[in-house]
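Reckoned from all heavy atoms, side chains included, excluding hydrogens, waters and symmetry mates. A note on names: the letters A, B, ... follow the listed sequences, proteins ahead of strands, and every chain is numbered from 1.
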Protein chains: 2
Amino acid sequence: MNEIALPTLRANRVGSSREDLRIHNLSLVLSLVHKNVSLSRSDLAAQTRLNRSTVSDLVAELSERGLLLETERPQATGVGRPSHMVSVNNRVVAFAVEITTYAVRVAAVGLAGKVIDRRRAVTGLLPSPSRVVEIIAELVASIRSGLDKNSLIAGIGVSIPGQVNEQTGTLRMVTMLGWGEVELASMISAKTGLPVSLGNDGTISCVAERDFGAGRGFNDIVYIFGGAGGIGGGVIVGGQMLRGTAGFAGELGHMRISDSKIEDSAGLPGTLEALVKREDLLDALHLDDADDDELTRAILKSKSLRVRKLIERQIDLLGIAIANCVNIFNPEVVLLAGFLSSLFDADDYRLLAKARAGGLAGARERVVVRKAELGANLVLVGAAEIAFAGLLADPAGFKLRSPKSIK
Amino acid sequence: MNEIALPTLRANRVGSSREDLRIHNLSLVLSLVHKNVSLSRSDLAAQTRLNRSTVSDLVAELSERGLLLETERPQATGVGRPSHMVSVNNRVVAFAVEITTYAVRVAAVGLAGKVIDRRRAVTGLLPSPSRVVEIIAELVASIRSGLDKNSLIAGIGVSIPGQVNEQTGTLRMVTMLGWGEVELASMISAKTGLPVSLGNDGTISCVAERDFGAGRGFNDIVYIFGGAGGIGGGVIVGGQMLRGTAGFAGELGHMRISDSKIEDSAGLPGTLEALVKREDLLDALHLDDADDDELTRAILKSKSLRVRKLIERQIDLLGIAIANCVNIFNPEVVLLAGFLSSLFDADDYRLLAKARAGGLAGARERVVVRKAELGANLVLVGAAEIAFAGLLADPAGFKLRSPKSIK
DNA sequence: TCTATTTGTTGTCTAGGGCAACATAATGCA
DNA sequence: TGCATTATGTTGCCCTAGACAACAAATAGA
């Protein structure tokens, strides 16, 4: 029904001129097609409530700029003249980068959300920032050289397993990598000649879920992700990513919920991340390593009382955290990803009961708790999304690059 | 329900036409003058980045509608032709209603933020909703009859010490009054013939602080209020009130931060509200009743070890809650109101240290913790703000009423 | 008094969305 | 098969609202 994450125009406090109007409407149309991959022009007119002729004009401009494609032969859906389908041009691409503890993944992702090419390189343990930047630049260059000549490059979006100042493109405290303050965005930009956007991995995954996953159609989402390194999160408020002043918002894993002295990865005691750990589950199940599906299966199969107790404890704690989020954000949906979805599968009834018990009457009623949808490509798609953000916000003003023009 | 403060244009997902443009710019100008009480036309042009002639035109339309006033004799500020001052017309009024446990306050508040008239009636303990509505209607009517004939009435804004569905104007769970689900907005509207907006008291106070108090100039605010009935809160994200799906968001007091079994007013254990209580302070200080200033003085004067310990415990818990908020919202400022500001005064150093200790590196750095500013009129001003919201959002389309036309 | 500076005012220009009329392409029924 | 119906695309014109430029007005300072 409602479309989400549509472009908020510029939610700033300056006056708007006719140009802003045009930018907004172009942005709106492009964003709508982007989210739905393909739409008819009449759908666009209906959803935007703009005049047919206006939509035609907007679509024409976006097509001219190479952002949209119109099908020649429209297929009929019912009575009346069939409408042309408009789809996003997947030749408009962004480079999505995922930095993890010991590897880097880079992908070219089309505006239609399709992964066009993907490479991966192992960085080794605790690599230096400049080494990682080098590897990223190499991977980007090699993918770039293989792109279609007509491609248009929007930029690079990078997912970071730690804190990021999104305003300045600076890293802070990536404990998993042992990095302190690093000017990552400008470093990557210098080596590639492309604009770079950074984002926290939780935030980025949340965006991906909103646009293409279990969060579609929702405007108020709490997303909690459990990975090997800890628990991250992201929050969508009124269709918009919650960023905070510097982009540090959404650290749901470091929410303190207990008097326990056990510390999380950031050294904070009694937090959700400190108490609900993937490792503990693996230990109890005598698993060395497992992906989330294997973990879920192992949990469901296990007859061990110890495992049972552990899971109940973790579920109860997760329930408390969810309740806190519900009281604070009054969201439409809470999405659980990573091993937290294994906990959901283990005993969703208990989890929901616990979450409800801690929520206030009003807020908890309509809340839906769900598993996230997107799998391995999640972060890459999300990273591409933040790279596309500028283009989507101002389709006419955003400068796209060719695959050839290096630097 | 509606937005207050600066009008973020319509952050909606439909296309914009020229009319929307006009609405936005009118809204912007009116909101700016409203926030600053008085501004010169050149200031307006500078701040909105609109053309001088456009600002003139907008101001002229708003003046014609009786919303703004222009001074005849501009006073010079420097070189150049002096600019006309534009101020908000305080004859445009809203009725602000504050419902508390045993009394109702109603005020007429001008668009300039001045309280024009104010009445109060004691309701007795646990009055029925319809009784309270009756009292409100009477107070509104009596104030209304005394208003200047040229007044323009925007509507009624009501502050509720409990949960409110702002979308539907329905109350839920006002434990302090023993009320369940009540269609309060339509009840009041039926008796007064005026549009009614409801808001949670925490939310409303937060809005008032943002617009006229310690939150001026900030876009990301966490507000925590400690009253006799418990702890409420409000959050401003990117200049906008955090509302959630149904308007239940911002219940910071019910955030669970401990394993303690002590329950808060909603029956939730281990929450901030359960553990940090005004009552406990009064008890320890052997005070029967005291306002916040008296409380602060008593705290600072007290030499009792028991009091000292209690305060330290409360401060530490409040610090944890603040840290959680900082990690979740990455705000620019955290405002403490009510008896929480007494705790701040008691030992701000300890409180800040505790809050910092629980915050993540990035988010905690620039956070400022402050006492809220506005006093007794806070809630009334805030309630008026939510009544003005519709007018500020669409100055040309909003229907104002005369004092005479009853019903 | 004259100049520089800033602001207000007026008339004109123009971009861009609305609208109506018409063209087009499908369905459905006689 | 032909014609009515319906939904969509296209075209030309209109209108509004903001920009802009030129000029007037009001101040300070020399």
Side-chain angles (χ1 to χ4, degrees), chain A residues 9-10 14-29 38-65 68-86 394-397, chain B residues 9-10 12 14-30 38-65 68-86 394-397:
Chain A
L9 353 200
R10 304 106 126 284
V14 298
S16 299
S17 64
R18 291 187 322 272
E19 284 166 50
D20 300 314
L21 197 67
R22 184 66 170 184
I23 291 172
H24 172 235
N25 285 340
L26 284 171
S27 167
L28 181 67
V29 168
S38 173
L39 270 176
S40 78
R41 273 156 77 172
S42 55
D43 286 342
L44 277 172
Q47 290 200 35
T48 60
R49 298 191 208 164
L50 293 169
N51 195 283
R52 290 205 303 267
S53 54
T54 307
V55 170
S56 280
D57 195 40
L58 292 166
V59 169
E61 178 168 348
L62 292 169
S63 301
E64 229 165 72
R65 291 182 183 278
L68 292 183
L69 296 172
E70 293 183 83
T71 56
E72 290 305 308
R73 286 271 111 228
Q75 68 258 51
T77 51
V79 192
R81 178 174 175 175
S83 189
H84 292 285
M85 296 302 288
V86 179
D394 182 4
Chain B
L9 0 194
R10 299 119 308 136
N12 54 9
V14 297
S16 301
S17 64
R18 290 185 321 275
E19 285 165 49
D20 301 314
L21 197 65
R22 185 67 171 182
I23 291 172
H24 170 238
N25 285 340
L26 283 171
S27 166
L28 182 66
V29 168
L30 184 59
S38 173
L39 269 176
S40 77
R41 270 156 79 170
S42 55
D43 286 342
L44 277 172
Q47 289 199 36
T48 60
R49 298 191 206 163
L50 292 169
N51 195 283
R52 289 206 303 268
S53 55
T54 307
V55 170
S56 280
D57 195 39
L58 292 166
V59 169
E61 178 168 349
L62 291 169
S63 301
E64 227 164 73
R65 293 180 182 279
L68 292 182
L69 297 172
E70 292 182 83
T71 57
E72 290 305 309
R73 285 271 111 227
Q75 67 258 53
T77 52
V79 191
R81 177 174 177 175
S83 191
H84 292 284
M85 295 304 288
V86 179
D394 182 5

Practice task
Taking side chain to side chain contact (heavy atoms under 4.5 Å, CB included) as the test, write out the residues that go with S40(B), two or more places apart.
Solution key: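 Residues passing side chain to side chain contact (heavy atoms under 4.5 Å, CB included) with S40(B): S42(B), D43(B), S83(B), M85(B).
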Exercise for the section: Not counting sequence neighbours, which residues clear side chain to side chain contact (heavy atoms under 4.5 Å, CB included) with A396(A)? List them please. Expected result: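 A396(A) satisfies side chain to side chain contact (heavy atoms under 4.5 Å, CB included) with L26(A), E61(A), R65(A), D394(A) once adjacent residues are dropped.
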Handout entry: Pairwise distance CG(L28(A)) to CD1(I23(A)) - rounded to 0.5 angstrom
Key =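 Going from the CG atom of L28(A) to the CD1 atom of I23(A) covers 13.5 Å.
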Practice task
Hey, could you give me the CG/CG distance between L30(B) and L58(B), rounded to the nearest 0.5 Å?
Solution key: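 Rounded to the nearest 0.5 Å, the CG-CG separation comes out at 10.5 Å.
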Practice task
Would you mind telling me which residue lines up with the more 5' stretch of DNA chain D, L58(B) or R52(B), judged by nearest nucleotide?
Solution key: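 Looking at DNA chain D, the more 5' nearest nucleotide goes with L58(B).
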Does [X] have a side-chain nitrogen or oxygen under 4.0 Å from the phosphate oxygens OP1 or OP2 of [N]?
X	N	result
S53(A)	dG17(C)	no
S56(B)	dG8(C)	no
N25(B)	dA17(D)	no

Exercise for the section: Would you check if V86(B) and L69(B) make a side-chain contact, meaning some heavy-atom pair closer than 4.5 Å? Expected result: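 When only atoms from C-beta onward are counted, L69(B) and V86(B) do not touch, as no gap falls below 4.5 Å.
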Could you give the [atom1]-to-[atom2] distance, from [X] to [N], as a whole number of Å?
X	N	atom1	atom2	answer
M85(B)	dT7(C)	CE	C1'	14 Å
N51(B)	dG18(D)	CG	P	10 Å
L26(A)	dA15(C)	CG	P	15 Å
D57(B)	dT10(C)	CG	P	11 Å
R81(A)	dA4(D)	CZ	C1'	18 Å
L21(A)	dC15(D)	CG	P	19 Å
I23(A)	dG16(C)	CD1	P	10 Å
L44(A)	dG17(C)	CG	C1'	16 Å

Problem - Salt bridge R22(B)-D57(B), side-chain N to carboxylate O under 4.0 Å - result: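 Salt bridge: yes.
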Problem - Quiz item: R22(A) side-chain donor-acceptor pair to dG16(C) base, under 3.5 Å - result: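 Checked by distance alone, the answer is no.
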Sort me out a list of protein N/O and nucleotides 28-30 of chain C N/O pairs below 3.5 Å, or just none if empty.
none

Handout entry: Non-neighbouring partners of S53(A) that pass side chain to side chain donor-acceptor pair (under 3.5 Å), sequence neighbours left out
Key =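 Testing S53(A) for side chain to side chain donor-acceptor pair (under 3.5 Å), a comparison that skips the adjacent residues, returns N51(A).
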Handout entry: Residue whose closest nucleotide on DNA chain C lies nearer the 5' end, D43(B) versus T54(A)
Key =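 Counting from the 5' end, the first nearest nucleotide belongs to D43(B).
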Practice task
From the options dG18(C), dT27(D), dT8(D), select the nucleotide whose nearest atom is closest to the side chain of P82(B).
Solution key: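 Closest nucleotide to the P82(B) side chain: dT27(D).
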